[in-house]
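By convention in this document, chain letters (A, B, ...) are assigned in the order of the sequence lines, proteins followed by strands, and residues within each chain are numbered from 1. Scope of the values below: all heavy atoms of this structure, side chains included, with no hydrogens, waters or symmetry mates. As the structure is a computational prediction, the values presented were derived from the model and not from experiment.
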Amino acid sequence: MKILFFGTPKFSEIILGGLIERGFNVVGVVCQNDKPSGRGNKLVSPHMVEFAKGLNLPVYQFEKLSLYIEEFKKIDYTIAVTASYGKFLPKKLLDLHPCVNVHPSMLPVYRGSTPIQSALLNGDKVTGVSIMQTGVGMDDGDVFVQKEVEILPEDDYISLSPKLAEVGLDLLCETLEKIKNGTETKTAQDESKATFVKLIQKEDALLDFSCSAESQVNKVRAYVEDPVAFFLLGDDRIKVYKAVVATDVVGEAGKVIANKKRFLIGTSDGIFEILKCQVQGGKVLDAKSFLNGYRFKTMEIKL
RNA sequence: CGCGAGGUAGAGCAGCUCGGAAGCUCGCCGGGCUCAUAACCCGGAGGUCACAGGUUCAAAUCCUGUCCUCGCAA
């Protein structure tokens, strides 16, 4: 079985790396195009490009897949595996060979592009991974297998994502073996229970202290990799990388309480404690270091 | 040449406008006080002020170039 792998972010890398490690025959990697990015708007390749090259795999980057069907016909593969590729695969491409997808949620819940973030944002205690048939719709194909994964209170996107990838990898390998042997089974999703999650916008990451502290901590956990939860303190934009709900203090919504040791912000329900943050121009710092040098110009946050 | 901020003790910052003996908060080491402490008091170590040139009697501070870090936008 010759696998053509579709995937772009870190999540995909873990799965790709795992497939190789376990001896699966991956013949190539398709990932998204290079994009102008960062200061100077220089063209930057997805990290996957280097990763795949490091594994001596050919890398394909097509601007619009549907325009390159002929190219795909030239690639010698028998099955496609997708994992957070980032775009829909056109029907013409799916018709060439079977295609399975790794989706980090318990489908039909959290269909769409941000299932991991959504589970964290909603404060879920459990999420999971599904291996499914890749279809033309949004994550609505038949499911081969799925497995739950516990979300720990201290988990955030950065810690949870690899856990889901590892579980996804196991399930994927299992499924591929079955497909190879012709013993795979699949069941249709219950459409009535389907939920969708949307793309994340920058503004979604703006912390709102008129909400509960817990909900804003969840926002930090969900968006810690990108775009990173933030709030505005006077003219300063402060990104929050790690926060918890403080239970030993009281305070008023939108009011900052800060001393040499702790950086607290009142919310409508509970106290939001910042453990790791960054002001524009500065490095990411633990609260103590941040407080050592930061000069507060205001202690109020506009709600 | 997309816009912008910054590189000063182990950490985080001030000082730079108006050149003239390197400072603050924390950490660290030593001592003291306390039943005790993330408390308080006393003392101490630790910096070629990113790098390279230039101006000057004198440069962290002014000028030029280089390297590095970071925020925004896309």
Using the [atom1] atom in both, what is the distance from [N] to [M], to the nearest Å?
{"N": "B/rU69", "M": "B/rG32", "atom1": "P", "result": "47 Å"}
{"N": "B/rC16", "M": "B/rC63", "atom1": "C1'", "result": "14 Å"}
{"N": "B/rG4", "M": "B/rG65", "atom1": "P", "result": "16 Å"}
{"N": "B/rA5", "M": "B/rG44", "atom1": "C1'", "result": "36 Å"}
{"N": "B/rU61", "M": "B/rG20", "atom1": "C1'", "result": "11 Å"}
{"N": "B/rC1", "M": "B/rG6", "atom1": "P", "result": "24 Å"}
{"N": "B/rC68", "M": "B/rA22", "atom1": "P", "result": "31 Å"}
{"N": "B/rG23", "M": "B/rA60", "atom1": "C1'", "result": "12 Å"}

What is the distance, to the nearest angstrom, from the [atom1] atom on [X] to the [atom2] atom on [N]?
{"X": "A/N292", "N": "B/rA14", "atom1": "CG", "atom2": "C1'", "answer": "13 Å"}
{"X": "A/L291", "N": "B/rG27", "atom1": "CG", "atom2": "C1'", "answer": "15 Å"}
{"X": "A/D286", "N": "B/rC13", "atom1": "CG", "atom2": "P", "answer": "11 Å"}
{"X": "A/N41", "N": "B/rG2", "atom1": "CG", "atom2": "P", "answer": "7 Å"}
{"X": "A/Q280", "N": "B/rC13", "atom1": "CD", "atom2": "P", "answer": "12 Å"}
{"X": "A/Y294", "N": "B/rG6", "atom1": "OH", "atom2": "C1'", "answer": "15 Å"}
{"X": "A/F263", "N": "B/rG12", "atom1": "CZ", "atom2": "C1'", "answer": "14 Å"}
{"X": "A/K202", "N": "B/rA73", "atom1": "NZ", "atom2": "P", "answer": "4 Å"}

**Request:** Please assess A/Y60 against A/I75 for the test side chain to side chain contact (heavy atoms under 4.5 Å, CB included), listing each intermediate value before the final yes or no.
**Result:** CA-CA 10 Å; A/Y60 306 94; A/I75 301 171; 3.7 Å; yes
Within [range]: residues closer than 4.0 Å to RNA chain B (heavy atoms):
{"range": "residues 254-262 of chain A", "result": "A/K260, A/K261"}
{"range": "residues 31-40 of chain A", "result": "A/P36, A/S37, A/G38, A/R39, A/G40"}
{"range": "residues 225-240 of chain A", "result": "A/R237, A/K239"}

**Minimum heavy-atom distance A/C31-A/P46, with the two atoms named** =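 Smallest interatomic distance, heavy atoms only, reads SG-CG, 4.2 Å.
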Counter-base of [N], judged by Watson-Crick or G-U geometry with both distances under 3.5 Å:
{"N": "B/rU66", "value": "B/rA50"}
{"N": "B/rC72", "value": "B/rG2"}
{"N": "B/rC26", "value": "B/rG10"}
{"N": "B/rU34", "value": "none"}
{"N": "B/rA60", "value": "none"}
{"N": "B/rU17", "value": "none"}

**Asked** Do we see a donor-acceptor contact under 3.5 Å between the side chains of A/D236 and A/Q280?
**Response** yes
**Asked** If you measure only the distance, is there a donor-acceptor pair under 3.5 Å linking the side chains of A/S210 and A/D208?
**Response**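 Yes, side-chain donor-acceptor contact under 3.5 Å.
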**Asked** Are A/R22 and A/D170 close enough, and set up right, to give a salt bridge (Lys or Arg N to Asp or Glu O under 4.0 Å), and what steps lead you there?
**Response** CA-CA 10 Å; A/R22 300 184 190 197; A/D170 286 341; 2.8 Å; yes
Do [Y] and [X] meet the salt-bridge criterion of a basic N to acidic O distance under 4.0 Å?
{"X": "A/E70", "Y": "A/K73", "result": "yes"}
{"X": "A/K163", "Y": "A/E166", "result": "no"}
{"X": "A/K2", "Y": "A/D76", "result": "yes"}

Would you compute the distance between atom [atom1] of [X] and atom [atom2] of [Y] and round it to the nearest 0.5 angstrom?
{"X": "A/S37", "Y": "A/K42", "atom1": "OG", "atom2": "NZ", "answer": "11.0 Å"}
{"X": "A/H97", "Y": "A/I79", "atom1": "NE2", "atom2": "CD1", "answer": "10.5 Å"}
{"X": "A/L169", "Y": "A/F24", "atom1": "CG", "atom2": "CZ", "answer": "8.5 Å"}

**Request:** Just compare B/rG71, B/rA11, B/rA14 and give me whichever is closest to any side-chain atom of A/R295.
**Result:** B/rA14
**Asked** Stepwise, does the side chain to side chain contact (heavy atoms under 4.5 Å, CB included) test hold for A/K147 with A/V129?
**Response** CA-CA 6 Å; A/K147 184 176 179 183; A/V129 189; 5.8 Å; no
**Complete:** Test side-chain contact (heavy atoms from CB on, under 4.5 Å), reference A/V143, set A/K186, A/M106, A/Q189, output is A/Q189
**Request:** Determine: side-chain N/O of A/Q278 to OP1/OP2 of B/rG71, distance under 4.0 Å, yes or no.
**Result:** yes
**Message:** Does A/K42 reach a base, just sugar-phosphate, or nothing at all? Heavy atoms under 4.0 Å.
**Reply:** nothing
**Prompt:** Should we say atom CD of A/E214 is surrounded by more than 12 heavy atoms from elsewhere, each under 6.0 Å from it?
**Reply:**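 For A/E214, atom CD is not crowded (no more than 12 foreign heavy atoms under 6.0 Å).
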